[in-house]
Amino acid sequence: MRTPALSLLGSLPIAAAALLVGLTGCKPLPPSMPPSQWNAQQARGAAVFEAKCARCHYPTTTKPLHGPGLQALTKVSSMPSGAPPTDDRLADRILHGYGMMPAIPLSDDQLKDLLAYLHTL
Ligand code: HEC
C-alpha cells in the first residue's frame, strides 16, 4: 500500500523542475550574430541602434533596461506586446512610438539599415 505514495514522492522533484522551467520560460533563444559576421548594412544599422536605441534597450539579451531586451527580436513569434515582429510592424513602432516608447524619427536609409541590424539579434 506504500508504493503509490512513494512513487508520488519520487516524482516530486521532476514536477518541481518542470514547474521551474515553465515559470522561468527557459526556452533558449537563438544567439545573436557576432559583429564579425555583419555585412556593411548591418554594421551601419548597429551604429543607428547605438545612437538611437541603446540607451533604452539591450540588443543581445532579453534583460530589460527602460524597454525590453531585444535578443532574437525578429526570430520569435511575437514581441512583448504580442504583435508579430514583422519589418512593417517594427518600422511603425520605431517611427511612431508605442506605449512608453517615444517615436524615433529616422531617414529611410537609417530605418533600412536598422531593420537589417535588428535581424541579426
Ligand atoms: C526612451 C527610451 C526608448 C528608446 C530610445 C527606444 N525605445 Fe523601444 N521601447 C521603450 C519602451 C519603454 C518600450 C515598451 C513600451 C510599452 O510596452 O509601453 C519599448 C518597446 C520596444 C519594442 C517592443 C514593441 C512591442 O510591440 O512589444 C521594440 C521592438 C523596440 N522598443 C525597439 C526600439 C528600437 C529599434 C529603438 C531605436 C530606434 C527603440 N526601441 C528606442 C523605450 C525606448
Side-chain angles (χ1 to χ4, degrees):
M1 263 338 217
R2 296 182 58 183
T3 343
L6 269 183
S7 66
L8 197 68
L9 265 181
S11 63
L12 264 181
I14 299 169
L19 190 70
L20 208 66
V21 169
L23 284 179
T24 50
C26 257
K27 205 167 140 220
L29 289 170
S32 304
M33 186 192 286
S36 59
Q37 293 177 18
W38 292 342
N39 64 28
Q41 185 178 39
Q42 289 161 343
R44 287 196 305 271
V48 175
F49 187 91
E50 200 49 47
K52 309 281 185 181
C53 320
R55 70 190 160 99
C56 294
H57 293 282
Y58 291 122
T60 54
T61 86
T62 52
K63 268 200 343 213
L65 189 53
H66 297 300
L70 301 182
Q71 182 189 355
L73 177 65
T74 59
K75 296 163 196 153
V76 294
S77 55
S78 59
M79 297 192 281
S81 65
T86 59
D87 282 5
D88 282 352
R89 186 77 64 143
L90 285 167
D92 182 72
R93 291 283 193 263
I94 294 164
L95 297 177
H96 304 292
Y98 165 73
M100 302 285 292
M101 174 168 147
I104 318 269
L106 297 176
S107 71
D108 283 355
D109 282 348
Q110 282 178 317
L111 180 64
K112 274 195 212 123
D113 294 348
L114 177 62
L115 286 172
Y117 168 72
L118 292 178
H119 280 270
T120 71
L121 298 182

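Because the structure is a prediction, the values reported are computed rather than measured.
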Under 3.5 Å donor-acceptor pairs involving side-chain atoms of residues 82-101, not counting sequence neighbours:
from: T86; atom 1: OG1; to: R89; atom 2: N; distance (Å): 3.2
from: D87; atom 1: OD1; to: H119; atom 2: NE2; distance (Å): 2.8
from: R93; atom 1: NH2; to: S81; atom 2: OG; distance (Å): 3.0

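Panel note: side chain Q37, backbone P34; no donor-acceptor pair is recorded below 3.5 Å.
Going from atom CG of L70 over to atom OG of S32 covers 9.5 Å, rounded to the nearest 0.5 Å. Atom CG of L115 is separated from atom OG1 of T120 by 11.5 Å, given to the nearest 0.5 angstrom.
With side-chain heavy atoms closer than 4.5 Å counting as contact, directly or through intermediates, the hydrophobic cluster containing L29 also holds V76.
Applying the salt bridge (charged side-chain N to carboxylate O under 4.0 Å, His left out) test to every pair with at least one member in residues 63-86, sequence neighbours left out, gives no pairs at all. Annotation: salt bridge (charged side-chain N to carboxylate O under 4.0 Å, His left out) contacts involving residues 45-61, sequence neighbours excluded, are absent. Residue pairs meeting the salt bridge (charged side-chain N to carboxylate O under 4.0 Å, His left out) criterion with at least one partner in residues 99-115, sequence neighbours excluded, are R44-D113. Residue pairs meeting the ring pair (Phe, Tyr, Trp, His ring centres under 6.0 Å) criterion with at least one member in residues 43-62, sequence neighbours excluded, are F49-Y117.
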